[in-house]
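Positions are given from 1, in the same order as the sequence printed here. Bear in mind that the values here come from a model prediction, so they are computed numbers and not experimental data.
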Amino acid sequence: MLILLGASVLLRFLQTAAYISLFLFSLLKLREPKRKRIAITVAINIAVAGAYCAFLFVYGQELAERLIVPIEIGLSLIVITICSADKWVISLFVMFTQFNLYLGICYLSDICTTEASGLIYQIEYLLYRTVLFGALLFFNFKYLRPRFRRLVEILGKEWQFITLAAFFFYVMEAVILYCPRFYWYEADNRWYLVASSYLVFFSVYWLIFRSISAIVGKYEAQERERILAQQNKFWEEQLEEQKNAVNAARRDRHDLRHHYDTLLSMLEGGKMQEAVSYLTAQTRRTESAVLSDVCQHPAANAILSRWAARARENGIKTEIDARIPAKLPMDDIALAGILANSFENAVEGCLRTPEGTVRFITVNIAYSVYNGAGKLHIVFENACTDNIVFESDFPKSQKPGGGTGTKSIAYAAERYNGIVEFTAQDGVFKTRVLLHL
């Protein structure tokens, strides 16, 4: 029986260590190399668990219980030091929030058990904690992490105030549960104090993050408008340049007869070298101005053909299947921004691949109408490296100050209730945009 109780204590400690680590991993940004750092953390947790159990058998339960809180804090700080790439103030906020929730889960699991002590108590306690820990971690990984990481990207000094709030709540919970002696030695388990404190805890957290979310939403809206305005101005200039190129090509075709007359005069006069130079110059000028007939839509055709030419100049095999009608129920600048940013990212992605890699770009665009509702489906696929990192479903730019292009694509798609998806698998990067027109 003593061996079974010892094993249950060891399992409980390992469960606590696993929960602490997984909670921190669910919200914090991890340092590279992740697997190596996680493996070190696991090894430390197992070693400390073994040492704690040995201490329990030698010095008894009462003294071991008094050491559990500093040991848990120490393990958390070790995990943060080894694995966290976030600022310390953010890491500490996550740590104290984790402890606040951990204390509540342990208290709830304790009062739900049917036995006061012994092996049955240990088994029930472990089962209740497993269910509650699992539900909390699932919520963190599935729903909370994207929202939390968005706050990390935007908030600055505000984290100091939020971390202090989490710390004070932790101190308050620790005092309620453990001072002047542990709550399980009290007849009523101090349930009224625990319930009141957690009501305040969740209310304050909810108010803080609701207020912050409103501020973040306003900031993101302003940032979105700024990026779109900047991109729109740029693509207006690009479209104007390409329209001028088209007009120049038309003028050249109109003036073709005059060029023939000039060449004929040079040849008749025996000026062979001058004729060759004149013909070469006119050919280059015409080729630089002519756009391929990629699709019927003028703006889309201008963007796609220009970027396809740039890709081929860099030795990138490019295939385009663009079924876009001459007129679409959307702004030309928005469409040009989506296509140009996607194509530019594809070209840059190909150029980052090692020498000898098959560099390619495939573009598939289709417009369809069903029950009066139009949809424009845009898919870019290109060769890419294997080290692409994603943050909040967006590829992390490898250029200083980069990342504006992908955000611009997403913001433009939002105007048409669209969806944007970026994926990288087996050396192929895919940009998928679906617009509801």
Side-chain angles (χ1 to χ4, degrees), residues 228 231-232 234-253 286-350 359-383 405-406 408-422 428-437:
L228 286 176
Q231 290 280 308
N232 286 350
F234 175 73
W235 295 122
E236 282 177 359
E237 294 173 354
Q238 290 290 304
L239 283 175
E240 187 63 30
E241 288 181 8
Q242 290 168 10
K243 287 178 181 177
N244 292 335
V246 172
N247 292 332
R250 289 172 178 169
R251 287 195 301 271
D252 285 341
R253 286 195 293 270
T286 303
E287 286 178 350
S288 65
V290 171
L291 296 174
S292 305
D293 289 328
V294 176
C295 65
Q296 298 177 3
H297 192 280
N301 184 71
I303 293 293
L304 292 172
S305 59
R306 282 295 182 190
W307 275 102
R310 294 179 188 178
R312 289 167 182 143
E313 287 173 3
N314 285 281
I316 302 172
K317 181 182 178 182
T318 305
E319 296 180 359
I320 301 176
D321 180 14
R323 287 163 285 169
I324 312 175
K327 292 185 178 180
L328 280 178
M330 72 175 296
D331 181 41
D332 285 355
I333 301 300
L335 178 61
I338 292 173
L339 297 179
N341 279 310
S342 300
F343 223 135
E344 181 179 16
N345 292 340
V347 171
E348 291 180 353
C350 286
R359 295 173 174 175
F360 69 91
I361 296 175
T362 303
V363 183
N364 289 286
I365 307 173
Y367 177 71
S368 60
V369 179
Y370 182 74
N371 288 337
K375 291 185 179 181
L376 186 64
H377 193 201
I378 303 169
V379 178
F380 280 75
E381 292 184 344
N382 61 273
T406 52
S408 177
I409 295 171
Y411 295 157
E414 281 181 10
R415 294 172 56 186
Y416 298 94
N417 299 317
I419 59 172
V420 177
E421 182 182 56
F422 302 101
V428 178
F429 187 90
K430 179 184 287 188
T431 300
R432 178 175 172 265
V433 182
L434 179 63
L435 306 178
H436 299 277
L437 307 180

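- Taking the salt bridge (Lys or Arg N to Asp or Glu O under 4.0 Å) definition, one finds that E319 meets it with K317, sequence neighbours left out.
- Residues that satisfy the side-chain contact (heavy atoms from CB on, under 4.5 Å) test with I419, not counting sequence neighbours, are R432, L434.
- Here the closest non-hydrogen pair linking V347 and A311 is CG2-CB, 4.0 Å.
- Evaluation of the salt bridge (Lys or Arg N to Asp or Glu O under 4.0 Å) test over residues 334-343, restricted to residues two or more places apart or in two chains, returns none.
- Residues meeting the side-chain contact (heavy atoms from CB on, under 4.5 Å) test with A308, sequence neighbours left out: R312, T318, I320, F343.
- In this structure, CD1 in I361 is found 12.0 Å from CZ in R310, a value given to the nearest 0.5 Å.
- Put simply, the side chain of K430 does not reach to within 4.5 Å of the side chain of F380, judged on heavy atoms.
- For the atom pair CG (N364) and NE2 (H377), the distance works out to 9.0 Å, reported to the nearest 0.5 Å.
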Could you give me the CA-CA distance, side-chain angles and deciding distance for H297 and D332, then say whether side-chain contact (heavy atoms from CB on, under 4.5 Å) is met? CA-CA 9 Å; H297 192 280; D332 285 355; 3.3 Å; yes
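- From F422, atom CZ reaches atom CZ of F429 across 6.0 Å, with rounding to the nearest 0.5 Å.
- Applying the salt bridge (Lys or Arg N to Asp or Glu O under 4.0 Å) rule to pairs touching residues 361-375 yields nothing, sequence neighbours excluded.
- Contact check for R415 versus D331: side-chain heavy atoms found under the 4.5 Å cut-off.
- How far CD1 of I409 is from CD of E414: 12.5 Å, rounded to the nearest 0.5 Å.
- Looking at N345, its side chain does come within 3.5 Å of a backbone N or O of N341 through a donor-acceptor pair.
- Q296 is linked by a side-chain contact (heavy atoms from CB on, under 4.5 Å) to A326, counting only residues two or more places apart in sequence or in another chain.
- When the side-chain contact (heavy atoms from CB on, under 4.5 Å) test is applied to V428, the partners found at least two apart in sequence or on another chain are F360, E381.
- Here the closest heavy-atom approach between residue W307 and residue A340 is recorded as NE1-CB, 3.9 Å.
- Here the side chain of S342 pairs no donor or acceptor atom with the backbone of L339 at under 3.5 angstrom.
- I338 pairs with exactly one of V433, I303, T431 by the side-chain contact (heavy atoms from CB on, under 4.5 Å) rule, that one being V433.
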Under the side-chain contact (heavy atoms from CB on, under 4.5 Å) rule, what do L437 and Y416 come out as? Steps first, then yes or no, please. CA-CA 6 Å; L437 307 180; Y416 298 94; 3.7 Å; yes
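- The backbone N or O of C295 sits less than 3.5 Å from a side-chain atom of N301, completing a donor-acceptor pair.
- Between M330 and L335, the closest heavy-atom pair is CE-N, 3.7 Å.
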Could you give me the CA-CA distance, side-chain angles and deciding distance for I365 and D321, then say whether side-chain contact (heavy atoms from CB on, under 4.5 Å) is met? CA-CA 6 Å; I365 307 173; D321 180 14; over 6 Å; no
